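Letters A, B, ... are given to chains in the order of the sequence lines, protein chains preceding strands, and every chain is numbered from 1. These numbers come from a predicted model, not from an experiment.
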Protein chains: 2
Amino acid sequence: MAKQVVAETERRRRRPTRQGTVLSEKLIVRTALRMLREHGGTGLTARRLGTALGADPSTLYRYFAGLDDLTRAIGEELMGRALDTWTATGEWRSDLRALGRAIHASYLADPQAAVLTASRVTGRPREIAVDETILGILRGAGFPDVDAVVVYHAFIDLTLAFAALDAGSLALTEQARVADEEMWRSTYAELPADTHPHIAATARLLAGRMNHSAYPVVLDTLLNSAAEQLAWARARRTPGTGSAPNP
Amino acid sequence: MAKQVVAETERRRRRPTRQGTVLSEKLIVRTALRMLREHGGTGLTARRLGTALGADPSTLYRYFAGLDDLTRAIGEELMGRALDTWTATGEWRSDLRALGRAIHASYLADPQAAVLTASRVTGRPREIAVDETILGILRGAGFPDVDAVVVYHAFIDLTLAFAALDAGSLALTEQARVADEEMWRSTYAELPADTHPHIAATARLLAGRMNHSAYPVVLDTLLNSAAEQLAWARARRTPGTGSAPNP
DNA sequence: CCCTTATGCCAACATGATTGACCTTAACCC
DNA sequence: GGGTTAAGGTCAATCATGTTGGCATAAGGG
């Protein structure tokens with residue numbers, strides 16, 4: 001069996017499967033994404049993926065060291081898609097906002113996959129490219145390295161964290177929407193005002209808001225704070241040019 | 001077998017297991033937490049939990065509809081612990097900061113359990129109590145209902161999202177710390193400056209920062225923003241008292 | 001055109017959740 | 001206390017899962 005997985009770039013012989021399909025990392029990853037979309041978060045199994053590809057499950061181990069390795073490749077694909085839909089304008093703030101939203105959107109487009117991968121560090125090329133891009137935007141905007149690293153850290157973790165969280169409820173909505181919405185309706189909305197006055201008072205407002213993601217709001221909050229930090233750093237570097245910005 | 005799970009409060013006969021232990025929801029949940037802590041994120045299995053309790057695995061189905069149900073109970077336990085370590089002071093901002101950190105800390109104390117449960121909505125009593133508390137703090141501070149709901153939403157999702165994310169890396173550090181730190185050292189820190197100048201320039205700073213959570217920073221950012229919003233709302237309600245705060 | 005070996009397939013194994021049938025004994029009633 | 005009942009324990013079986021060892025075959029370099 002697969003003692004060692006052959007790197008995709010060094011793959012020479014491509015033998016078609018019994019049912020005719022020719023395998024590749026990319027094909028496997030995309031099929032895996034489709035399985036997750038169609039069969040839910042638990043729908044990605046070696047057996048099922050095998051049959052979907054017209055191949056034996058064990059064949060997958062020629063391409064990936066295990067399902068865990070495949071999972072990382074899926075995460076890499078989501079990151080890559082985000083990066084592909086994004087273009088730089090040169091204005092750091094809108095660039096970061098757009099990049100964050102692109103990542104968030106890319107993950108939400110495949111919620112089940114996102115849940116599996118959002119908290120994993122793949123260390124693969126496209127993910128590294130995203131990190132390099134973010135740091136480049138911040139340093140290019142004039143953030144001192146110390147500040148750039150703080151903002152980078154907050155930005156990427158915030159984005160991935162919300163991607164995972166929001167994808168989680170989307171995935172559940174797809175999978176067990178009935179049970180969960182029923183929970184909301186039957187539990188929260190029915191709480192009596194004498195035991196839970198605040199929930200009861202805002203139940204209608206909550207119902208309207210909890211369907212949206214809080215990510216855009218929090219992201220803008222972070223970028224605002226970073227902008228103040230930047231102005232402060234600039235003022236310190238060129239003293240006498242003006243007063244410190246809003247403290 | 002267990003057609004229907006008997007509610008904990010209506011449980012009457014407590015028959016000791018073959019090995020003498022007397023079961024209860026609480027005992028099962030705590031044992032499950034211990035298993036997760038000792039055997040890692042994948043270490044919670046019906047078989048293993050059964051033997052740890054000195055009971056047949058199938059016995060668990062007398063207490064929980066399935067492992068999924070047990071998972072929700074674990075989440076409820078984490079929420080309860082957070083609420084127990086928290087006390088109100090009456091100052092909305094420090095109260096919210098303390099509550100957020102308590103939830104975050106409670107989840108991080110059991111990282112593997114947190115990963116399993118952070119993105120689930122349990123709808124159980126302690127979780128509802130937390131929601132009621134947050135809304136109460138905000139409305140008590142004078143936030144109009146519309147604003148209170150926005151801040152509540154951002155606050156709870158931010159906290160849970162970071163709990164999940166940070167717990168994820170903690171859990172992995174416990175489980176595959178070697179592979180992951182090796183990844184960081186061998187991949188990110190070794191990137192050549194000509195292809196990845198920004199990562200190379202900040203590698204040392206990154207290594208020092210990525211071990212900490214970005215949650216406190218982002219939380220304070222959110223609370224600052226909320227404070228401005230509150231001042232704005234107050235000014236609008238009592239016009240002429242002063243000028244609008246920082247816009 | 002032959003030889004090597006990469007790559008696909010088959011069968012098997014260990015372990016997972018879950019369930020149906022059964023049995024034991026705690027709890028309640030008299 | 002003794003009898004009755006069913007809650008709550010156990011047992012054995014089912015079926016799905018990831019993963020691996022051994023084998024076969026065709027791709028492609030020489």
A.B. asks: Check this one for me: any side-chain N or O of A:Y61 less than 4.0 Å away from OP1 or OP2 of C:dT7?
C.D. replies: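 So the side-chain polar atoms of A:Y61 never come under 4.0 Å of the phosphate oxygens OP1 or OP2 of C:dT7.
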A.B. asks: Which whole-number value in Å describes the distance from A:H39 NE2 to D:dA16 P?
C.D. replies: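 Between P of D:dA16 and NE2 of A:H39: 15 Å.
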A.B. asks: Scan B:L53 against the nucleic acid and name what it touches under 4.0 Å (heavy atoms): base, sugar-phosphate only, or nothing.
C.D. replies: nothing
A.B. asks: Considering only side-chain heavy atoms of A:L67, which listed nucleotide, D:dG22, D:dT19, D:dG9, is closest?
C.D. replies: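 Nucleotide nearest to A:L67's side chain: D:dT19.
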A.B. asks: Examine distances only and state if a side-chain atom of A:E132 and a backbone atom of B:H198 form a donor-acceptor pair shorter than 3.5 Å.
C.D. replies: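 It does hold such a pair.
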A.B. asks: With respect to the side chain of A:A46, which nucleotide from D:dG18, C:dT18, C:dC9 is positioned closest?
C.D. replies: D:dG18
A.B. asks: Round to a whole Å and report the spacing from CZ of A:F64 to P of D:dT20.
C.D. replies: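 Distance check: A:F64 CZ to D:dT20 P gives 16 Å.
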A.B. asks: Ignoring backbone atoms, test whether A:T59 places a side-chain nitrogen or oxygen under 4.0 Å from the OP1 or OP2 oxygen of C:dC9.
C.D. replies: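 Checking C:dC9 against A:T59, a side-chain N or O does come within under 4.0 Å of OP1 or OP2.
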A.B. asks: Can any side-chain N or O of A:T117 pair as donor or acceptor with the backbone N or O of A:A113 at less than 3.5 Å?
C.D. replies: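 The answer is yes, because a donor-acceptor pair under 3.5 Å joins these two groups.
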A.B. asks: If you measure only the distance, is there a donor-acceptor pair under 3.5 Å linking the side chains of B:Y107 and B:D166?
C.D. replies: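 Judged by distance alone, the side chains do not pair up.
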A.B. asks: Describe the nucleic acid contact of B:T45 in one word from base, sugar-phosphate, nothing, applying a heavy-atom distance below 4.0 Å.
C.D. replies: sugar-phosphate
A.B. asks: Give me the ring orientation class for B:H104 and B:Y215: parallel if the planes are under 30° apart, tilted from 30 to 60°, perpendicular past 60°.
C.D. replies: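 The arrangement is parallel - the two ring planes meet at less than 30°.
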A.B. asks: The side chain of B:Y63 is closest to which nucleotide in this list: C:dC9, D:dC11, D:dG9?
C.D. replies: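 Closest nucleotide to the B:Y63 side chain: D:dG9.
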A.B. asks: Would you kindly give the CG-to-P distance between A:L44 and D:dT19, to the nearest whole Å?
C.D. replies: 11 Å
A.B. asks: Between the side chain of A:E76 and the main-chain N/O of A:E127, is any donor-acceptor distance below 3.5 Å?
C.D. replies: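 Confirmed, A:E76 side chain pairs with A:E127 backbone.
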A.B. asks: DNA chain D: A:R47 or A:A65, which has the more 5' nearest nucleotide?
C.D. replies: A:R47
A.B. asks: In whole Å, I'd like the distance from the CG atom of A:L60 to the C1' atom of C:dC9.
C.D. replies: 12 Å
A.B. asks: Quickly work out the A:L116 CG to D:dG18 P distance and round it to whole Å.
C.D. replies: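 After rounding, the reported distance stands at 12 Å.
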A.B. asks: Send over the distance from B:D56 CG to D:dA12 C1', rounded to a whole Å.
C.D. replies: 10 Å
A.B. asks: Separation of A:D69 atom CG from D:dG18 atom C1', in whole Å?
C.D. replies: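 One finds 14 Å between C1' of D:dG18 and CG of A:D69, rounded.
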A.B. asks: CZ of A:R62 versus P of D:dT19: gap in Å, rounded?
C.D. replies: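 Rounded to the whole Å, the gap is 15 Å.
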